[in-house]
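Have a look at the structure below before the remarks.
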Amino acid sequence: MNITVNGKSIEIEENANILQLLSRLDLHPQRVAVEVNRAIVKRGAYDSHTLTKGDEIEILQFVGGGA
């Protein structure tokens with residue numbers, strides 16, 4: 001099925017959840033925030049939130065550093 005991640009269209013398997021999507025994108029769940037269709041998904045729900053065709057996903061990565 002097709003979803004949009006950070007503005008780019010990608011194909012993922014049916015019934016994939018957020019945790020599976022993050023794994024596919026090689027992203028660590030503890031270092032990102034995920035929004036699905038403009039609603040923040042709590043980190044504890046990444047494995048139970050099933051994605052559906054046409055979902056729009058925004059993934060924000062936390063970056064350390066600074067002075």
Side-chain angles (χ1 to χ4, degrees):
M1 74 181 174
N2 191 279
I3 63 172
T4 302
V5 178
N6 291 356
K8 294 182 180 177
S9 178
I10 67 167
E11 284 288 326
I12 63 170
E13 58 276 358
E14 295 285 331
N15 299 317
N17 62 40
I18 292 173
L19 207 53
Q20 292 167 319
L21 173 64
L22 293 175
S23 177
R24 176 181 165 171
L25 298 174
D26 200 26
L27 296 172
H28 193 286
Q30 297 297 321
R31 297 183 182 150
V32 298
V34 179
E35 183 181 276
V36 178
N37 299 326
R38 299 181 186 246
I40 296 288
V41 178
K42 292 184 178 182
R43 188 170 292 127
Y46 287 178
D47 62 342
S48 62
H49 188 107
T50 302
L51 301 172
T52 58
K53 180 180 178 181
D55 276 347
E56 293 187 18
I57 317 297
E58 292 291 330
I59 300 174
L60 302 174
Q61 295 186 63
F62 301 114
V63 178

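- Without hydrogens or angle criteria, N37 side chain to E56 main chain gives a donor-acceptor distance under 3.5 Å.
- Q61 places no side-chain N or O within 3.5 Å of a backbone atom of V32 that could act as its donor or acceptor partner.
- Rounded to the nearest 0.5 Å, atoms OH (Y46) and CD (Q30) are 8.5 Å apart.
- Distance CD1/I57 to OG1/T4: 8.5 Å, rounded to 0.5 Å.
- Here the options are N17, L19, V36, the test is side-chain contact (heavy atoms from CB on, under 4.5 Å), and the partner is H49; only V36 passes.
- Summarising the geometry, atom NZ belonging to K53 is positioned 9.0 Å from atom CD belonging to E11; distances are rounded to the nearest 0.5 Å.
- Of the possible donor and acceptor atoms, one in the side chain of N6 sits under 3.5 Å from a partner among the backbone N and O of I59.
- Defined by atom type and a distance below 3.5 Å, a donor-acceptor pair is present between the side-chain atoms of S9 and N2.
- D55 contributes atom CG, which lies 10.0 Å from atom CG of L21 (distance to the nearest 0.5 angstrom).
- No side-chain heavy atom of V41 sits under 4.5 Å from any side-chain heavy atom of E35.
- Taken to the nearest 0.5 Å, the CD atom of E14 stands 11.0 Å off from the CG atom of L51.
- A continuous path of ILVMFWY side-chain contacts below 4.5 Å connects L22 to M1, so both sit in one hydrophobic cluster.
- Distance check: I10 CD1 to K8 NZ gives 10.5 Å after rounding to the nearest 0.5 Å.
- A donor-acceptor pair is defined here as one N or O able to donate and one able to accept, closer than 3.5 Å; such a pair exists between the side chain of R43 and the backbone of P29.
- Counted within 6.0 Å of CZ on R24, heavy atoms from surrounding residues, nucleotides or ligands total more than 12; the atom is thus considered enclosed.
- Under the 4.5 Å side-chain heavy-atom criterion for grouping Ile, Leu, Val, Met, Phe, Trp and Tyr, I18 is connected to L25 within one hydrophobic cluster.
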